[in-house]
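What you are looking at is a predicted structure, and each value in this text was computed from that prediction instead of being measured. This chain uses plain numbering: 1 for the first residue, then up along the sequence.
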Amino acid sequence: MPSGSSARPLSDKRVYIAYTGGTIGMRRGERGYEPAPGYLAARLEGMPELSHPDLPRYVLHEYSPLLDSSDLGPAEWEEIARDIAANYDQFDGFVVLHGTDTMAYSASALSFMLEGLAKPVLLTGSQVPIAEVRSDARENLITSMMLAAGGRLSEVCLFMNGRLLRGNRATKISVGGFDAFESPNLPLLGEVGVGIELREELLLPPGERLQVRPLAGAEVAAVRLFPGISAPLLERILDGELRGVVLETFGAGNAPSRDARLLSALRRASDRGVVLVNCTQCLRGSVNMSGYATGRALSLAGVVSGGDMTVEAALAKLSHLLSLDLPVERVRELMPSSLRGEVSEVQLD
């Protein structure tokens with residue numbers, strides 16, 4: 001980051017808030033909670049704490065239309081990424097207000113799309129709208145603004161309920177709890193209580209030059225294996241136009257090994273150039289395709305390890321690499337390797 005940027009008082013810094021939609025800015029209507037244009041801006045103007053000298057100045061950009069996070073995908077991610085890039089030189093950091101349902105997907109995608117990032121990008125939201133009396137929105141927003149202006153982060157992060165997570169390591173674990181997200185295979189980057197404590201040794205170094213890398217329509221999918229999954233079902237999935245598939249496997253990366261037709265379907269897809277990535281269904285731990293015969297069978301069928309990546313990160317990374325038009329073998333080589341801190345470097349297989 002620019003020399004001395006962290007030494008400036010927060011009141012001298014500027015944060016860009018991209019409001020995409022989600023629970024945080026919704027109001028109660030006849031059909032329940034729903035987004036309303038201009039509503040969040042009015043609520044923020046009525047919050048005296050946002051004018052406190054310990055907080056940075058902010059600009060709020062409200063997207064149109066405001067979307068439930070279930071409706072966000074690659075096109076909207078690109079809009080967010082290009083919005084950040086267009087305002088990159090004018091602001092010290094960025095906060096993306098986002099619904100929680102797909103926040104981990106968006107955080108993972110943006111981590112790959114924003115190549116060379118040297119400033120903080122914080123995704124946050126809330127489980128209860130900001131207008132409600134007992135809401136988590138105020139603390140999430142205020143702390144995210146402080147982290148975005150703090151000058152110590154240079155990556156895409158997710159902040160909720162006093163916990164700072166690397167964006168591409170996060171996954172949603174709770175529908176109703178304020179502690180909605182977990183980083184199962186990487187410690188928290190920071191925790192916020194009386195003070196803000198960051199784990200400096202875990203933070204990514206700043207990039208040199210920001211470039212937006214769109215996810216250019218690469219057809220990828222996730223397939224969750226289950227006991228009794230049939231070879232014909234898998235064949236119908238793999239015989240389409242897919243270029244990459246994340247297989248959600250059992251335990252340490254295992255799948256049925258006695259079904260020759262199922263393994264043959266994987267092998268044929270791999271031979272056609274489909275990139276097959278092995279991710280465990282378990283919340284914690286890493287794929288080890290050499291530990292069991294069932295895992296080795298997948299390796300022999302052309303499946304590559306996803307290590308300890310979340311499925312959200314694996315899908316985003318696979319789409320990212322395929323969008324770069326790299327040779328298929330190079331994509332397979334890069335999937336187990338860390339590009340943005342999304343996977344642990346040391347793998348068991």
How far apart are the C-alpha atoms of T124 and T143, what are their side-chain angles, what is the distance that settles it, and do they pass the side-chain contact (heavy atoms from CB on, under 4.5 Å) test? CA-CA 10 Å; T124 194; T143 305; over 6 Å; no
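- With values rounded to the nearest 0.5 angstrom, L276 atom CG is found 13.0 Å from S305 atom OG.
- A side-chain donor-acceptor contact under 3.5 Å links N140 to the backbone of G125.
- The CZ atom of R138 sits 6.0 Å away from the CE atom of M47 when rounded to the nearest 0.5 Å.
- Using modelled atom types, no side-chain atom of R213 and backbone atom of H320 make a donor-acceptor pair closer than 3.5 Å.
- A donor-acceptor pair shorter than 3.5 Å can be found between the side chains of S344 and D308.
- Across all non-hydrogen atoms, the minimal contact from V128 to A137 is O-CB, 3.9 Å.
- For the pair E62 (side chain) and Y19 (backbone), a donor-acceptor distance under 3.5 Å is absent.
- Side-chain contact, S108 with E342: no donor N or O sits under 3.5 Å from an acceptor N or O.
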What do the steps show when you test E115 against R340 for salt bridge (Lys or Arg N to Asp or Glu O under 4.0 Å), and what is the final call? CA-CA 9 Å; E115 184 177 283; R340 308 282 195 275; 3.6 Å; yes
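- Atom CG of residue L153 and atom CG of residue L204 lie 9.5 Å apart, to the nearest 0.5 angstrom.
- Between the side chains of T249 and N278, at least one donor N or O lies within less than 3.5 Å of an accepting N or O.
- Taken from CG in D136 to CD1 in I24, the straight-line distance is 8.0 Å, to the nearest 0.5 Å.
- Each of F178 and M160 belongs to its own hydrophobic cluster when Ile, Leu, Val, Met, Phe, Trp and Tyr are linked at side-chain heavy-atom distances under 4.5 angstrom.
- Crowding of E208 atom CD: a count of heavy atoms from other residues, nucleotides or ligands under 6.0 Å not exceeding 12.
- Just one residue in the list V59, V95, L40 forms a side-chain contact (heavy atoms from CB on, under 4.5 Å) with I17, and that residue is V95.
- No path of Ile, Leu, Val, Met, Phe, Trp and Tyr side chains, each step under 4.5 Å between heavy atoms, connects L141 with M26, placing them in separate hydrophobic clusters.
- Side-chain contact between L315 and T310: absent, with no pair of heavy atoms (C-beta onward) separated by less than 4.5 Å.
- Other residues, nucleotides and ligands contribute more than 12 heavy atoms inside 6.0 Å of the CD atom of Q211.
- Salt-bridge formation is detected for the pair R163/E182: a Lys NZ or Arg NE/NH1/NH2 atom is positioned less than 4.0 Å from an Asp or Glu carboxylate oxygen.
- Side chain of R169 to main chain of G341: a donor-acceptor pair is present (N/O by atom type, distance under 3.5 Å, no hydrogens or angles).
- Cluster membership for Y33 and L97, using ILVMFWY side-chain heavy atoms within less than 4.5 angstrom, is not shared.
- Checking side-chain atoms of S69 against main-chain N and O of G22 turns up no donor-acceptor pair under 3.5 Å.
- Grouping the Ile, Leu, Val, Met, Phe, Trp and Tyr side chains by contacts below 4.5 angstrom, directly or via other members, places L165 apart from L283.
- Electrostatic pairing of E132 and R28 counts as a salt bridge here, judged by a charged N lying under 4.0 Å from a carboxylate O.
- Annotation: the span from E155 atom CD to L114 atom CG amounts to 12.0 Å, rounded to 0.5 Å.
- I237 and F250 fall within the same hydrophobic cluster, defined by Ile, Leu, Val, Met, Phe, Trp and Tyr side-chain heavy atoms under 4.5 Å apart, directly or through other members.
- Put simply, the side chain of S154 never gets that close to the backbone of L117: no donor and acceptor are under 3.5 Å apart.
- Counting only heavy atoms from C-beta outward, the side chains of D101 and K172 approach each other to under 4.5 Å.
- In this structure, the separation between OG1 on T20 and CD on E79 is 9.5 Å, given to the nearest 0.5 Å.
- Distance alone, capped at 3.5 Å, is enough to place a donor-acceptor pair between the K119 side chain and the F91 backbone.
- Looking at S135, its side chain does come within 3.5 Å of a backbone N or O of P129 through a donor-acceptor pair.
- The 12-atom threshold is exceeded at CD of E201, counting heavy atoms of other residues, nucleotides or ligands nearer than 6.0 Å.
- Remark: D92 does not engage R57 in a salt bridge, criterion side-chain N to carboxylate O under 4.0 Å.
- For the pair L122/V156, no side-chain contact is recorded, criterion being any heavy-atom separation below 4.5 Å from C-beta on.
- Of the possible polar contacts, one joining the K317 side chain to the M335 backbone as a donor-acceptor pair under 3.5 Å is found.
- Judged purely by atom type and a 3.5 angstrom limit, E139 has no side-chain atom pairing as donor or acceptor with the backbone of N161.
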